[in-house]
Amino acid sequence: MRTTLFTAALSSALLASGSAAQSPRPTVLVLGTGGTIGSAGDYWGGNVTRVPIDQLVRIPGIDSVAIVESEQFLNVASSSIGPARWLELTRRIADIYQARPELRGIVVTHGTDTMEETAYFLDLTVGGIRPVVVTGSMRPSNMAGADGPANLMNAVRAAADTNSRGRGTMVMMDDRLFSARDVTKTNSTRVETFQAPERGPLAIVDPEGVFYRSKSAGRATAQYDVSAVRELPRVDVIYSYPGADSVAIDAVVGAGAKGLVIAGVGRGGMTGSQSGAVRRAAAQGVLVVTSTRTGSGRVPVGTGGNTIGSGDLNPQKARILLMLALSRTSDPAQIRKIFAENQ
Ligand code: ASP
């Protein structure tokens with residue numbers, strides 16, 4: 001009994017080991033890409049000024065957590081970050097990790113609107129055991145109660161923690177650390193907007209340390225090596241709603257989409273008119289994945305038919321996985337397998 005208690009105490013101490021227990025002081029690099037965390041000025045009036053990352057990392061007490069370096073990768077709203085920038089960002093991270101074996105971890109600051117997409121893309125494409133922690137803020141840097149400094153401080157804490165190794169890319173917001181795969185923005189304005197509806201956070205983070213709920217899976221390889229990929233295939237997301245017709249689906253297929261994600265009603269449903277357009281698209285070799293617009297829950301991956309279910313990947317996450325899957329194969333059976341393996 002004693003041994004069991006001791007072992008349990010030891011393993012929870014290991015899981016919860018904060019940066020103070022780890023020496024020498026680790027180095028963490030913060031890559032700034034912009035977003036509200038890097039904004040000031042008359043934010044709500046639309047007159048935004050951009051704050052450089054070397055200024056944002058000057059947080060009282062951060063030096064006790066890690067030696068923090070910074071690099072301005074971009075300084076834009078997240079609406080200006082898309083597939084081409086994702087490829088550049090993942091390559092930059094790979095280059096830095098290759099050149100800097102002593103670096104403990106990388107933090108990426110990012111606008112929160114599309115943070116979940118960039119984070120999931122990095123999760124699928126960055127190799128090695130060292131973590132990438134993506135963070136941002138809901139309030140601009142000059143607003144009372146700005147959440148940026150606390151989020152950035154906690155992101156550095158998480159990136160510096162050796163227990164973060166082998167966990168891929170994570171999102172740090174509002175004192176909680178989430179898997180990039182599971183996290184989604186659920187509220188347009190509140191600081192507690194990021195949630196992982198079906199799976200919950202991986203850890204809570206506070207000044208005492210990073211408290212993971214479970215051990216790292218020790219993941220070391222990226223699912224997708226995009227070092228030679230110049231462009232990702234076009235994949236569009238189409239919403240379903242009562243009375244939706246086939247116009248949007250036919251239009252994106254006509255524009256060259258190689259894949260479609262249907263943000264379906266309920267368990268991936270769509271109208272008869274949309275189903276007809278999906279059949280036509282599939283007959284032309286367009287890969288169609290059905291997800292749900294409900295915000296959580298599963299759409300079964302399935303074993304056959306015109307569409308592949310996204311499992312519990314939301315439409316925007318299913319799009320990322322489908323883009324990467326299509327960069328490797330256009331065989332529907334292989335892509336179905338990829339979705340099944342990513343559940
Ligand atoms: N519009 C901002 C962005 O995503 C919102 C934010 O950062 O919270 O860039």
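In listed order, ligands and their atoms are each counted from 1. When a residue number appears, it is its place in the shown sequence, counting from 1.
For atom 1 (N) of ligand 1, the closest heavy atom belonging to the protein is D113 OD2, 3.0 Å. With respect to atom 2 (C) of ligand 1, the closest heavy atom belonging to the protein is T36 OG1, 3.5 Å.
Looking at E69 and R100, a side-chain N of the basic residue comes within less than 4.0 Å of a carboxylate O on the acidic one, giving a salt bridge. Taking a cutoff of 4.0 Å between a charged side-chain nitrogen and a carboxylate oxygen, R219 and D123 qualify as a salt bridge. Taking the charged nitrogens against the carboxylate oxygens, R85 and E88 do have a contact shorter than 4.0 Å, which makes a salt bridge.
Contacts of S79 with ligand 1, taken as heavy-atom pairs under 4.0 Å, are absent altogether.
Around atom 7 (O) of ligand 1, the closest heavy atom drawn from T114, T112, T193 belongs to T112. The closest non-hydrogen atom to atom 9 (O) of ligand 1, taken over S39, S78, S137, comes from S78.
For ligand 1, the atoms lying closer than 4.0 Å to a non-hydrogen atom of A77 are 9 (O). Near G35, with a cut-off below 4.0 Å to any heavy atom, the atoms of ligand 1 are 7 (O), 9 (O).
Of the residues listed (D312, V301, L321), the one engaging N342 in a side-chain contact (heavy atoms from CB on, under 4.5 Å) is L321, and it is the only one.
Using a 4.5 Å heavy-atom threshold, the side chains of V278 and M270 count as touching.
Listed for the Q223 side chain is no donor-acceptor partner under 3.5 Å among the backbone atoms of L124.
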